[in-house]
Amino acid sequence: CGTGAGPEAPASGQSAPAAGSIGEGFQGEPAGEAPQVGSQEETEMKQDTFYLTVGEETFAAAFADNVGAQGLKELLAQGPVTIRLRDYGGFEKVGALGQSLPASDVQTTTQAGDIVLYQGDQIVLFYGSNSWSYTRLGQISDLSGWEEALGPGDVSVTLSLAGSRE
């Protein structure tokens, strides 16, 4: 990923917005409408951590602070998402999300543990480094075993708001 034609402008607005005002980049959201106090949805939207499970290993990641990460958070609030990723270039795993998320691409030099959105609808997990225009979604908190868990070749990764390991 990151070669050939440049990233497209995805921001298709296909993700379902949560109740209340959650920031810029989402169409049709009434500004100033407060979420229901104490709702499960409100608690999930305030969550700063998500989890990636690869085989038997679960890794915690911190959400980035942008519209793409907010879109991912909203998607994961609906339930876990499993993505089949393929190895690319010997430094990343890339796979189709199955829908578009809002993008705020910036030229980025990635590092191991970075989780980014590419072309609005592909998730990229880095175990090496690359420079390209991405929307940062998050960063793995503890890289112990990260590259080994991703392994060679294709891999399935489940993203969720609830981790099986703390």
Side-chain angles (χ1 to χ4, degrees), residues 1-2 15-20 22-23 25-26 35 38-106 108-132 134-166:
C1 131
S15 62
I22 56 171
F26 294 94
S39 71
Q40 179 179 357
E41 186 173 87
E42 177 185 316
T43 301
E44 289 170 345
M45 289 300 104
K46 289 182 178 180
Q47 183 168 345
D48 293 331
T49 303
F50 64 109
Y51 301 89
L52 294 89
T53 302
V54 185
E56 299 296 316
E57 296 293 322
T58 300
F59 300 88
F63 278 109
D65 185 16
N66 61 47
V67 295
Q70 184 64 42
L72 178 62
K73 189 183 296 189
E74 292 174 6
L75 178 62
L76 296 181
Q78 299 171 25
V81 174
T82 300
I83 304 169
R84 187 76 176 161
L85 302 157
R86 63 178 167 36
D87 197 72
Y88 182 87
F91 53 84
E92 67 185 43
K93 301 284 185 178
V94 60
L97 182 58
Q99 72 176 63
S100 292
L101 294 177
S104 55
D105 290 346
V106 295
T108 303
T109 298
T110 63
Q111 59 187 357
D114 281 343
I115 303 155
V116 302
L117 181 66
Y118 175 67
Q119 293 189 332
D121 62 356
Q122 296 180 60
I123 299 291
V124 184
L125 309 179
F126 284 91
Y127 57 91
S129 181
N130 189 30
S131 291
W132 199 256
Y134 301 111
T135 297
R136 188 175 302 277
L137 297 176
Q139 169 71 40
I140 298 294
S141 306
D142 178 358
L143 291 175
S144 301
W146 175 242
E147 188 171 349
E148 294 80 6
L150 292 177
D154 294 355
V155 64
S156 289
V157 176
T158 300
L159 287 72
S160 66
L161 291 179
S164 61
R165 176 186 83 158
E166 300 275 17

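FYI, side chains are in, hydrogens and waters are out, and symmetry mates aren't considered; it's all heavy atoms of this structure. Starting from 1, each residue takes its place in the sequence as its number.
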**OP:** Could you tell me whether the side chain of V94 reaches within less than 4.5 Å of the side chain of R86, counting heavy atoms only?
**Re:** yes
Subject >> D121 and L101: CA distance, side-chain angles, deciding distance, side chain to side chain contact (heavy atoms under 4.5 Å, CB included) verdict >> reply: CA-CA 6 Å; D121 62 356; L101 294 177; over 6 Å; no
**OP:** Can you sort out the partners of T110 under side chain to side chain donor-acceptor pair (under 3.5 Å), two or more places apart, ordered by chain and number?
**Re:** none
**OP:** Could you grab the distance from atom CD of E148 to atom CD of E57, nearest 0.5 Å is fine?
**Re:** 9.5 Å
**OP:** Working to the nearest 0.5 Å, report the span between OG1 of T109 and CG of N130.
**Re:** 8.0 Å
Subject >> A61: side-chain contact (heavy atoms from CB on, under 4.5 Å) partners, not counting sequence neighbours >> reply: F50, L52, I115, I140
Original post:
Is it true that F126 and Y134 have ring centroids separated by less than 6.0 Å?
Top reply: yes
**OP:** Output every pair passing ring pair (Phe, Tyr, Trp, His ring centres under 6.0 Å) with a member in residues 136-161, not counting sequence neighbours, ordered by first then second residue.
**Re:** F59-W146
**OP:** With sequence neighbours excluded, tell me which residues meet side-chain contact (heavy atoms from CB on, under 4.5 Å) with E147.
**Re:** Y127
Original post:
Counting N and O atoms only, with roles assigned by atom type, does the side chain of S144 sit under 3.5 Å from a partner on the main chain of D142, one being a donor and the other an acceptor?
Top reply: no
Original post:
Would you say the side-chain atoms of T135 pair up with the backbone N or O of S104, donor to acceptor, closer than 3.5 Å?
Top reply: yes
**OP:** Could you pull out the closest heavy-atom pair between P102 and G71, with the gap in Å?
**Re:** CD-CA, 4.2 Å
**OP:** Among D114, N66, T108, D65, find the residue that satisfies the side chain to side chain donor-acceptor pair (under 3.5 Å) test when tested with R136.
**Re:** D114
Original post:
So how far is it from L137 CG to K73 NZ, rounded to the nearest 0.5 Å?
Top reply: 12.0 Å
**OP:** List the atom of T49, the atom of A60, and the distance in Å for their closest heavy-atom pair.
**Re:** CG2-CB, 4.1 Å
Original post:
Distance from Q119 atom CD to L97 atom CG, nearest 0.5 Å?
Top reply: 13.5 Å
Throw together a table of side-chain donor-acceptor distances under 3.5 angstrom for residues 153-163, partners on residues two or more places apart or in other chains.
residue, atom, partner, partner atom, Å
S156, OG, R84, NH1, 3.1
T158, OG1, T82, OG1, 2.8
S160, OG, A162, O, 2.8

**OP:** Could you tell me the separation between the CD atom of Q70 and the CZ atom of F63, rounded to the nearest 0.5 Å?
**Re:** 8.0 Å
